[in-house]
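See structure below.
Computed from a predicted structure; not experimentally measured.
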Amino acid sequence: DYPLRGKTLELVSQDGSAVDLGRVGTVTEVRILDLEAADYRGEIPILASIAGDAYGCDSDPLNVNADTAASAVAGALKAEACYFLTDTPG
């Protein structure tokens with residue numbers, strides 16, 4: 001089970017047609033029970049930026065933006081801070 005749930009990202013081109021991005025999505029839910037259990041055990045969970053779909057199907061996961069996934073997890077856990085380490089300026 002992925003702790004992240006998401007939905008397929010839908011974009012529209014300038015002519016109004018749908019743009020197919022494949023299995024790219026946005027985070028819609030963070031399932032925090034496993035994350036809280038890891039914290040209780042003194043573990044630090046490492047999450048990939050992938051999500052099961054909103055219906056609970058993990059067989060065809062969605063690729064989600066890592067920054068927004070980390071922000072969603074921090075928000076769901078009511079974290080005091082969220083730090084990003086990157087080699088990208090800005």
Side-chain angles (χ1 to χ4, degrees):
D1 285 349
Y2 297 111
L4 302 176
R5 293 282 176 225
K7 67 176 185 174
T8 303
L9 183 62
E10 298 174 358
L11 296 179
V12 179
S13 68
Q14 289 180 335
D15 67 4
S17 62
V19 176
D20 183 9
L21 299 173
R23 299 297 302 162
V24 176
T26 58
V27 177
T28 58
E29 177 188 1
V30 178
R31 299 170 46 189
I32 62 172
L33 291 179
D34 289 337
L35 301 175
E36 290 176 329
D39 180 54
Y40 179 77
R41 292 188 303 267
E43 300 171 351
I44 299 173
I46 297 174
L47 305 176
S49 58
I50 54 176
D53 71 22
Y55 306 105
C57 180
D58 291 335
S59 63
D60 203 8
L62 300 167
N63 179 24
V64 296
N65 179 280
D67 294 343
T68 56
S71 296
V73 170
L77 294 173
K78 297 179 177 48
E80 293 179 20
C82 181
Y83 298 98
F84 293 89
L85 302 176
T86 182
D87 61 355
T88 304

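- Residues passing the side-chain hydrogen bond (donor to acceptor under 3.5 Å, both in side chains) test with D20: none are found, sequence neighbours excluded.
- Judged by distance alone, with hydrogens and angles left aside, the side-chain atoms of R31 form no donor-acceptor pair with the main-chain N or O of R5 at under 3.5 Å.
- Take Q14 and apply the side-chain hydrogen bond (donor to acceptor under 3.5 Å, both in side chains) test, not counting sequence neighbours, and it matches no residue.
- With a 4.5 Å cut-off between side-chain heavy atoms of Ile, Leu, Val, Met, Phe, Trp and Tyr, the cluster of I46 takes in none.
- In this structure, A51 and V64 approach most closely via the heavy-atom pair CB-CG1, 4.0 Å.
- The number of heavy-atom neighbours closer than 6.0 Å to CZ of F84, taken from other residues, nucleotides and ligands shown, is above 12.
- Under the 4.5 Å side-chain criterion, counting only non-hydrogen atoms from C-beta, R23 is in contact with T8.
- Legend: salt bridge (charged side-chain N to carboxylate O under 4.0 Å, His left out) pairs involving residues 40-55, not counting sequence neighbours, sorted by first then second residue: R41-E43.
- Residues D34 and P45 fail the side-chain proximity criterion, which asks for heavy atoms closer than 4.5 Å.
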Show the atom names and distances, to 0.1 Å, of all donor-acceptor pairs under 3.5 Å that link a side chain in residues 68-79 to residues at least two apart or in another chain.
{"unit_1": "T68", "atom_1": "OG1", "unit_2": "N65", "atom_2": "O", "d": "3.1"}
{"unit_1": "S71", "atom_1": "OG", "unit_2": "D67", "atom_2": "O", "d": "3.0"}

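- The shortest side-chain heavy-atom distance between P3 and I32 does not fall under the 4.5 Å cut-off.
- Connectivity analysis of hydrophobic side chains (ILVMFWY, heavy atoms under 4.5 Å, direct or indirect) links L11 to L9, V19, L21, V24.
- Connection of Y2 to L35 is not established within any shared hydrophobic cluster, with ILVMFWY side chains joined at heavy-atom distances below 4.5 Å, either directly or through further cluster members.
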Worked verdict on V30 versus L4 for side-chain contact (heavy atoms from CB on, under 4.5 Å): CA-CA 5 Å; V30 178; L4 302 176; 3.8 Å; yes

